[in-house]
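So you know, we letter chains A, B, ... as the sequences are listed, proteins then strands, and number each from 1.
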Amino acid sequence: MFAKSLSMSLMLSELRVMFTRRRTWAMLAAIALIPILLALAVALTAEELAPGEGPPFLSQVTQNGLFTGFTATLLALPLFLPLTIAVVAGDTIAGEASLGTLRYLLIAPVGRLRLLVVKYIGTVVFALAATFTLMIAGIIIGSILFPIGPVTLLSGDQISLAESVWRMAVVAFYTTVSMTGILAIGLFISTLTTVPVGAMAATVVLTGVSQILDNLPQLSWLHEWLFTHYWLDFADILRQPIELGSFASNALLQLGYVAVFGALAYSRFSTKDILS
Amino acid sequence: MIQGQELAISTSSLTKQFGSQKAVSGISLSVPRGSVFGFLGPNGSGKTTTIRMLLGLADASEGEIELLGHPIPKQLEQALPKIGALVEGPAFYPYMSGRNNLIRIDSADRFSEAKTRKQRVDAALERVGLSNASKKKVHAYSLGMKQRLGLANALLKPREILILDEPTNGLDPQGTREVRNLIRSLAAEGITIFVSSHLLSEIEQLCSHLAVMTAGKIVAQGNIQELRNESQTRLVLKSDRIDELVDVLKGQGLSKISLKSDHVVVPVPTEFDVATLNQLLVKKKFMISEIRLEQPSLEEYFVNLTGEGFEVVR
């Protein structure tokens with residue numbers, strides 16, 4: 001219990017460091033801009049989209065503002081969200097190393113495994129903040145610019161307002177889970193270098209590669225192993241009854257990535273000479 | 001070397017190899033408890049690498065380390081809470097205040113008590129004279145202020161050893177003097193202080209013990225008084241008829257006489273009898289304008305060991 005409470009104070013300190021940085025807030029603000037720009041663009045062009053044109057859900061936005069959050073999440077997933085995620089994940093160890101604070105944390109002593117775990121959980125908290133920012137900003141701007149009401153699901157059923165807010169939270173949570181794999185990859189890369197920008201860039205590149213491979217039909221055997229494979233599959237959550245099959249396979253796959261890259265990060269970091 | 005005393009830090013044949021180069025090659029340090037131990041060497045001699053190994057930041061390629069009786073890195077976690085350190089300059093989060101930086105690092109220490117944290121942080125800030133700037137963000141600090149904050153970080157808890165790597169780097173003369181006084185007062189409390197520097201003048205005034213490192217090796221180590229005595233006493237003589245003088249000195253069994261334009265310098269035993277020599281020379285009608293024994297300064301001794309000049313040795 002004693003040890004637990006002490007780790008808690010390190011966890012809180014980690015979050016305080018992350019959220020005193022202006023960069024963190026700038027990234028969240030930029031994320032919030034996505035649904036806002038999207039809603040404004042839709043509202044300002046009176047032109048009706050034919051169903052199926054543009055990104056999924058876009059045509060629904062004008063009828064029901066609640067769809068803004070879903071649509072924005074879809075738009076942010078391939079590039080923008082992973083970009084901010086990579087910044088945070090790539091910064092974990094490499095950022096501390098480049099500041100030189102890593103050596104002072106280690107001689108505090110923080111314990112290398114404990115530091116890795118706290119750093120990782122910190123990045124997951126950021127992912128949670130980012131995905132909920134997308135959703136919440138979407139709901140707010142959507143309810144300002146468009147009518148809101150009961151949502152018609154992909155299965156044709158209607159659900160109440162309260163139920164749909166709950167579903168949106170599940171989608172945000174699904175997206176957070178989708179990010180845990182790339183966060184672990186970023187953490188591992190971050191232990192390899194003292195240049196945070198390098199770790200960030202490498203993480204983004206891997207996300208791009210994974211998405212490209214996922215689009216090559218010749219590699220279909222590989223697809224279900226790619227950490228980006230289930231990213232867009234949250235549509236199942238918008239059916240009645242709710243289908244959690246893709247949620248489960250996604251969670252399992254991400255867990256696998258967390259285990260593998262977490263172990264790699266630990267084996268690298270626990271024996272690394274800290275020379276920065 | 002130093003025996004019959006409890007050692008705060010000891011290493012035996014400690015080596016660190018980077019590729020083909022030995023940054024530290026087989027050094028054996030013996031730092032007695034309660035000493036102020038100066039770790040002297042030119043830039044690039046391997047001092048910081050040694051300190052990194054002592055603190056478990058880097059693994060030794062060979063050799064053993066003990067801190068306060070704990071083998072390192074095996075019992076690193078037991079040893080580190082008793083040690084405060086400043087390694088290769090201070091490092092902080094620039095976007096946080098000085099005080100929050102210390103709170104952050106103290107929260108990382110799993111052995112430190114959360115209840116007393118703020119109180120300890122404020123006491124450490126007070127001790128290094130930073131209380132008034134504690135709420136300022138670190139990026140607005142001068143180098144000297146960062147250095148002080150680094151010292152405050154080392155003093156967050158009662159320590160048994162302080163390892164200070166170049167603690168007066170970047171400080172003005174006033175700040176240097178304050179740091180020196182701080183080190184003295186900490187030493188008076190019985191804390192073992194291991195302080196590295198490339199400046200002898202800094203160490204000479206503070207330390208009871210000294211180790212000199214150059215090109216990865218320890219070339220001298222021990223009590224500062226003993227080291228002083230080890231250096232060769234010299235006789236300086238200024239006179240007319242210098243060539244004849246040299247012959248006379250040779251006749252007295254002295255060798256290695258070096259001839260300068262108007263004087264000679266000769267290494268002699270410590271208890272050399274100057275008066276008798278003077279009498280002899282006067283008898284031989286030399287016009288002596290200067291005759292004295294000279295103890296080389298520690299500075300000269302240091303330069304002798306490490307080599308002069310601006311070149312990086314390797």
Side-chain angles (χ1 to χ4, degrees), chain A residues 1-27 91-119 122 191 194 196 267-276, chain B residues 16-18 23 48-49 51-61 73 75-97 100-115 117 137-139 146 149-150 153-154 156-157 163 165:
Chain A
M1 195 59 216
F2 189 51
K4 215 177 197 176
S5 68
L6 285 178
S7 279
M8 203 56 218
S9 91
L10 176 60
M11 191 68 243
L12 288 177
S13 150
E14 177 63 30
L15 293 178
R16 204 172 301 134
V17 171
M18 184 184 284
F19 287 101
T20 25
R21 284 197 88 157
R22 235 179 280 160
R23 186 180 76 190
T24 309
W25 291 105
M27 288 197 299
D91 199 46
T92 45
I93 300 299
E96 299 276 0
S98 79
L99 278 180
T101 43
L102 182 57
R103 60 177 184 267
Y104 286 107
L105 291 176
L106 291 179
I107 65 177
V110 67
R112 295 192 182 201
L113 176 60
R114 185 161 162 263
L115 181 64
L116 269 186
V117 170
V118 165
K119 280 283 176 192
T191 62
T194 56
S267 72
R268 165 71 183 151
F269 188 54
S270 60
T271 55
K272 188 184 186 186
D273 280 352
I274 308 302
L275 299 174
S276 60
Chain B
K16 182 70 187 179
Q17 190 140 9
F18 293 115
T48 299
T49 307
I51 289 176
R52 282 178 191 285
M53 287 191 283
L54 293 180
L55 295 169
L57 290 170
D59 269 336
S61 310
Q75 294 182 6
L76 192 63
E77 296 248 302
Q78 282 96 306
L80 282 179
K82 300 180 218 164
I83 299 169
L86 186 67
V87 195
E88 203 175 15
F92 294 101
Y93 305 93
Y95 45 86
M96 281 170 35
S97 71
N100 283 342
N101 263 289
L102 293 189
I103 289 176
R104 156 76 167 165
I105 296 175
D106 195 64
S107 315
D109 179 355
R110 75 165 103 190
F111 302 98
S112 85
E113 233 182 297
K115 251 190 258 164
R117 180 164 297 142
K137 289 195 173 153
V138 167
H139 77 79
K146 285 183 194 157
L149 192 60
N153 173 42
L156 281 174
K157 292 206 282 189
I163 296 180
D165 190 9

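- Taking A:G111, A:A108, A:P109 one by one and counting their heavy-atom pairs under 4.5 Å with chain B, the maximum is reached by A:P109.
- Annotation: side chain of A:R16 is not in contact with side chain of B:N100 (no heavy-atom distance under 4.5 Å).
- The heavy-atom pair separating B:K146 from B:V138 by the smallest distance is CE-O, 3.7 Å.
- The two residues A:R114 and A:S7 come nearest to each other via the heavy atoms NE-OG, 3.0 Å.
- Of the inter-residue distances, the one linking A:K119 atom NZ with A:I93 atom CD1 reads 6.5 Å to the nearest 0.5 angstrom.
- Both the backbone and the side chain of B:Y93 come within contact range of chain A, with heavy atoms under 4.5 Å apart.
- Looking at B:N153, the atoms closer than 4.5 Å to chain A (heavy atoms on both sides) all sit in the side chain, from C-beta outward.
- Side-chain contact check for B:R104 and A:S13: at least one donor-acceptor pair (N or O, by modelled atom type) lies under 3.5 Å.
- When the candidates A:T20, A:I107, A:L12, A:V118 are compared by the number of heavy-atom contacts under 4.5 Å with chain B, A:I107 comes out ahead.
- When each of B:P94, B:P90, B:A154 is scored by its heavy-atom pairs under 4.5 Å with chain A, the top score falls to B:P90.
- Both the backbone and the side chain of B:L86 come within contact range of chain A, judged by heavy atoms closer than 4.5 Å.
- For residues 96-106 of chain A, heavy-atom neighbours of chain B at less than 4.5 Å comprise A:E96, A:L99, A:G100, A:T101, A:R103, A:Y104, A:L105, A:L106, sorted by residue number.
- The CD atom of B:E113 sits 10.0 Å away from atom CG of B:D106, with the distance rounded to the nearest 0.5 Å.
- Between A:V117 and A:L113, some side-chain heavy-atom pair lies under the 4.5 Å cut-off.
- The distance from the CD1 atom of B:I51 to the CG atom of B:L57 is 10.5 Å, given to the nearest 0.5 Å.
- Taking OG1 from A:T24 and OH from B:Y95, the interatomic distance works out to 7.5 Å, rounded to the nearest 0.5 Å.
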